**Student:** 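Structure below; questions to follow.
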Amino acid sequence: MHFRRPEEECGIFGIFNHPEASNLTYLGLYALQHRGQESCGIVSSDGQGLHSHKSMGLVADVFGNQEIFKNLPGRAAIGHVRYSTTGASVLKNIQPILVDYSRGSIAVAHNGNIVNAQIIKDELEAWGSIFQTTMDTEIIVHLLATSKTSSLVERITDALNRIKGAYCLLFLTETRMVAVRDPHGFRPLCLGKQGDAYVVASESCALDLIEAQFIREIEPGEIVVIDKNGVTSHFPFKKAEPTPCIFEFVYFSRPDSYIFGRNVYQVRKELGRQLAREHRIDADIVIPVPDSGVPSALGYAEESGIRFELGLIRNHYVGRTFIEPQQSIRHFGVKIKLNPVREVLEGKRVIVIDDSIVRGTTSRKIVKMVRNAGAKEVHVLISSPPTSYPCYYGIDTPNRKELISSSHTIEEINRYITADSLGYLSREGLLHSVGTENSSYCRACFSGEYPVKFPMLGPEPQLDLFEKE
Ligand code: AMP
């Protein structure tokens, strides 16, 4: 049996009972753009049928033309932004998925990753199902369509009882919107209200943009049904230990969002403070790698008393470095995105703070850049522990071979990135900073302890850091 690498980093948004549902979904997706930049889509309901528009590209490019909204009528809509690393088959994989089946039409948008997808897909295909996409999400639709139960909630429950992994889902039918968060609550999902309309979004920053009021987070294992009668909540799944993804705090969510009971900015600042407690360095200035390192660098500066400066300026019109799928372009990408300020760096002992090192490419480029701009010393501090294990629950980390810290010591990585010193936040420090009183977070990317089991990968070859030199 082969196991596909996870390939989803996504954001979802939905609104029910608003005269401009698809327009507001467009805005919601705009606020969630950081969760996926490859493609996006909206499905709306006018009470009689569902209407869809989706395409490759950024939200503003796909939905920039007002004419599109004429074809997305109705008082309810769901939308999706998707990041993926799949190659040729991307077009047909854009979400939300929209299907007609024996009971009408249904659309679904998914954030997360299903770990037993291949097994279920093989089974369904053996029974004659024909898949149109290579997305895990389509499996849910097939299971739902073949369920023998009668109500929509029962069918969704029936389907999801077969599924293992991470999922936040939004379903839309002609008359209902349904939001689901998996029993472990890996990914964030919140509920809001805008006038008479209910809103569901991956992150609260999307509610802010459309001036919706934050009501609460959707609970792990909760199904929320929104229809003309209002909101009803169901907990049909077997209870599981909540394991929200700690990497959402480290990197993925926007700092202005409130997720897992906390504001992301405050958590990141605390990561920086903790980093300062763990790594005292004699330096003149502390600078962030923008934007991901900014709150932690502020926290570090506050705690250590070392001056905060902006030594690297970011071009804001360039997306996240990971968008470029090829190593050669990614190397180039760092330069496109960041430029040093010589006047800030010249002659200084500099601490550079970033949130994580994945392949090491970014840090290596940045150290060179800061040194070339005249820095006397360059110390790199990372506001999370070494990322040594791939994520199977919806964060797009590369396989183990490409994760530099899976096969190299901190000294080796330091040698590779050519810094004067390199330090990571400890695992205990990370947990202490996020606070574990409400949850036991999923931190598999740092520890290799996966809360939901999945088919194991075979041994992978190791990354040879200096192979090209
Ligand atoms: P690398 O150059 O491969 O070491 O990538 C490190 C950079 O990627 C850091 O600046 C992080 O902010 C960023 N990063 C970390 N995790 C991810 C992810 N899953 N997707 C996109 N970017 C990431």
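As a basis for the values below, the full set of heavy atoms in this structure was taken, side chains included, without hydrogen atoms, waters or symmetry mates. Note that this is a predicted model, so its numbers are computed, not measured.
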**Student:** Would you compute the distance between atom OG of S292 and atom CZ of R268 and round it to the nearest 0.5 angstrom?
**Tutor:**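 Output value for this atom pair is 8.0 Å.
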
**Student:** Crowded around E211 CD? As in, over 12 foreign heavy atoms under 6.0 Å?
**Tutor:**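 Not buried by this count: 12 neighbours or fewer within 6.0 Å.
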
**Student:** Do the ring centers of H408 and Y416 come within less than 6.0 Å of each other?
**Tutor:**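 For H408 and Y416, the ring centres are not under 6.0 Å apart.
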
**Student:** Could you check R273 against E270 for salt bridge (Lys or Arg N to Asp or Glu O under 4.0 Å), going step by step and ending with a plain yes or no?
**Tutor:** CA-CA 5 Å; R273 284 197 200 99; E270 185 51 35; 2.9 Å; yes

**Student:** Under a 3.5 Å threshold, yes or no: a donor from one side chain and an acceptor from the other, between Q33 and Q37?
**Tutor:**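 Not at all, the side chains of Q33 and Q37 share no donor-acceptor pair under 3.5 Å.
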
**Student:** Closest heavy-atom contact between Y198 and M177?
**Tutor:**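 Y198 and M177 have their closest heavy atoms at O-CE, 4.2 Å.
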
**Student:** Take R371 and D420 through the test salt bridge (Lys or Arg N to Asp or Glu O under 4.0 Å) and record every step on the way to the result.
**Tutor:** CA-CA 10 Å; R371 237 191 256 290; D420 290 284; 3.0 Å; yes

**Student:** Quick check: does any side chain N or O of R342 sit under 3.5 Å from a backbone N or O of N372, one acting as donor and the other as acceptor?
**Tutor:**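 Yes, because the side chain of R342 sits within donor-acceptor range (under 3.5 Å) of the backbone of N372.
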
**Student:** After noting the C-alpha distance and the side-chain angles of V224 and V231, does the key distance pass the side chain to side chain contact (heavy atoms under 4.5 Å, CB included) rule?
**Tutor:** CA-CA 7 Å; V224 173; V231 174; 3.6 Å; yes

**Student:** Looking only at heavy atoms, which two atoms of S383 and L271 are closest? And how far apart?
**Tutor:**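 Shortest heavy-atom separation between S383 and L271 comes out as O-CD1, 3.6 Å.
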
**Student:** Is there a donor-acceptor pair under 3.5 Å between the side chain of S440 and the backbone N or O of P242?
**Tutor:**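 Indeed, once roles are kept as given, a pair shorter than 3.5 Å links the two residues.
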
**Student:** Between the side chains of N93 and T134, is a donor N or O closer than 3.5 angstrom to an acceptor N or O?
**Tutor:**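 T134 and N93 do have a side-chain donor-acceptor pair below 3.5 Å.
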
**Student:** Rounded to the nearest 0.5 Å, what's the gap from OG on S363 to CG on D354? Could you check?
**Tutor:**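 The CG atom of D354 is 6.0 Å from OG of S363, to the nearest 0.5 Å.
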
**Student:** Does the salt bridge (Lys or Arg N to Asp or Glu O under 4.0 Å) test come out yes or no for E449 and R443, once each step is laid out?
**Tutor:** CA-CA 7 Å; E449 293 155 41; R443 43 193 189 276; 5.0 Å; no

**Student:** Give the intermediate values and the outcome of salt bridge (Lys or Arg N to Asp or Glu O under 4.0 Å) for residues R277 and E303.
**Tutor:** CA-CA 8 Å; R277 286 176 213 123; E303 182 72 24; 3.5 Å; yes

**Student:** For S52 and L98, work out which heavy atoms get closest and say how close.
**Tutor:**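 Closest heavy-atom pair between S52 and L98: CB-CD2, 3.7 Å.
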
**Student:** Determine yes or no for a side-chain-to-main-chain donor-acceptor pair under 3.5 angstrom, with N116 supplying the side chain and K164 the backbone.
**Tutor:**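 Looks like yes, one N/O pair under 3.5 Å.
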
**Student:** Got a donor-acceptor contact below 3.5 angstrom from the S39 side chain to the G57 backbone?
**Tutor:**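 No: the side chain of S39 does not pair with the backbone of G57.
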
**Student:** Just wondering, are more than 12 heavy atoms of other shown residues or ligands nearer than 6.0 Å to CD in Q194?
**Tutor:**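 Yes, because the 6.0 Å sphere around CD of Q194 holds more than 12 heavy atoms from other groups.
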
**Student:** Between Y389 and F446, is the ring centre distance below 6.0 Å?
**Tutor:**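 No, they do not, as the ring centres are separated by 6.0 Å or more.
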
**Student:** Return yes if some donor-acceptor pair links the side-chain N/O of R262 with the main-chain N/O of V434 below 3.5 Å, else return no.
**Tutor:**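 Side chain of R262 to backbone of V434: a pair is present.
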
**Student:** Please walk me through it: do R359 and I404 pass side chain to side chain contact (heavy atoms under 4.5 Å, CB included)?
**Tutor:** CA-CA 5 Å; R359 298 171 176 88; I404 192 168; 5.7 Å; no

**Student:** Of all heavy-atom pairs between Q95 and A109, which one has the smallest distance, and what is that distance?
**Tutor:**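 Scanning both residues completely, I find the closest heavy atoms to be OE1-CA, 3.3 Å.
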
**Student:** Nearest 0.5 Å, what's the CD1-CZ distance between I42 and F13?
**Tutor:**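 Interatomic distance, I42 CD1 to F13 CZ, rounded to 0.5 Å: 9.0 Å.
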
**Student:** Could you tell me whether a side-chain N or O of E302 sits under 3.5 Å from a main-chain N or O of G299, the two making a donor and an acceptor?
**Tutor:**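 No: the side chain of E302 does not pair with the backbone of G299.
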
**Student:** Check S204 against S257 and note the closest heavy-atom contact, atom names and distance.
**Tutor:**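 For S204 and S257, the tightest heavy-atom pair comes out as OG-CA, 3.4 Å.
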
**Student:** Would the distance check show the side chain of S202 and the main-chain N or O of I12 forming a donor-acceptor pair, the cut-off being under 3.5 Å?
**Tutor:**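 The answer is yes, because a donor-acceptor pair under 3.5 Å joins these two groups.
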
**Student:** Before you tell me yes or no, could you show the steps for R82 and C40 under side chain to side chain contact (heavy atoms under 4.5 Å, CB included), namely the whole-Å CA-CA distance, both residues' side-chain angles and the distance that decides it to 0.1 Å?
**Tutor:** CA-CA 6 Å; R82 169 178 159 88; C40 55; over 6 Å; no

**Student:** Strictly distance-based, threshold 3.5 Å: is any side-chain N or O of R187 a donor or acceptor partner for the main-chain N or O of Y393?
**Tutor:**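 The answer is yes, because a donor-acceptor pair under 3.5 Å joins these two groups.
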
**Student:** Would you call the rings of F237 and Y167 parallel, tilted or perpendicular, taking 30° and 60° as the class edges?
**Tutor:**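 Taking Y167 first and then F237, their aromatic rings stand perpendicular (interplane angle over 60°).
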
**Student:** Quick one: CD on E203 to CZ on F252, what's the gap to the nearest 0.5 Å?
**Tutor:**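 It comes to 8.0 Å.
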
**Student:** Under the side chain to side chain contact (heavy atoms under 4.5 Å, CB included) criterion, do I140 and I163 qualify, and how do the steps go?
**Tutor:** CA-CA 8 Å; I140 299 171; I163 297 290; 4.2 Å; yes

**Student:** Quick check against the 3.5 Å criterion: does E138 have a side-chain atom that pairs as donor or acceptor with the backbone of T133?
**Tutor:**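 Yes.
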
**Student:** Would you find more than 12 non-hydrogen atoms of other residues, nucleotides or ligands less than 6.0 Å from Y30 atom OH?
**Tutor:**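 No, because the 6.0 Å sphere around OH of Y30 holds 12 heavy atoms or fewer from other groups.
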
**Student:** I'd like to know if the side chain of H184 and the backbone of F186 have a donor-acceptor N/O pair within less than 3.5 Å.
**Tutor:**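 Not at all, since once roles are kept as given, no pair shorter than 3.5 Å links the two residues.
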
**Student:** Please verify the inter-ring angle class for Y26 with F69; under 30° counts as parallel, over 60° as perpendicular, anything in between as tilted.
**Tutor:**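 Judged by the thresholds at 30° and 60°, the geometry between Y26 and F69 is tilted.
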
**Student:** Can you spot which of E9, H80, E248 makes a side-chain hydrogen bond (donor to acceptor under 3.5 Å, both in side chains) with R35?
**Tutor:**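 Single pass found, and it is E248.
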
**Student:** Just by distance, with hydrogens left out, do E278 and S426 show a side-chain donor and acceptor under 3.5 Å apart?
**Tutor:**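 Indeed, the side chains of E278 and S426 share at least one donor-acceptor pair under 3.5 Å.
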
**Student:** Please round to the nearest 0.5 Å and tell me the distance separating atom CG of N113 and atom CG of D182.
**Tutor:**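 So the CG of N113 and the CG of D182 are separated by 11.0 Å.
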
**Student:** Salt bridge between E309 and R307, side-chain N to carboxylate O under 4.0 Å?
**Tutor:**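 The answer is yes: the pair qualifies as a salt bridge.
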
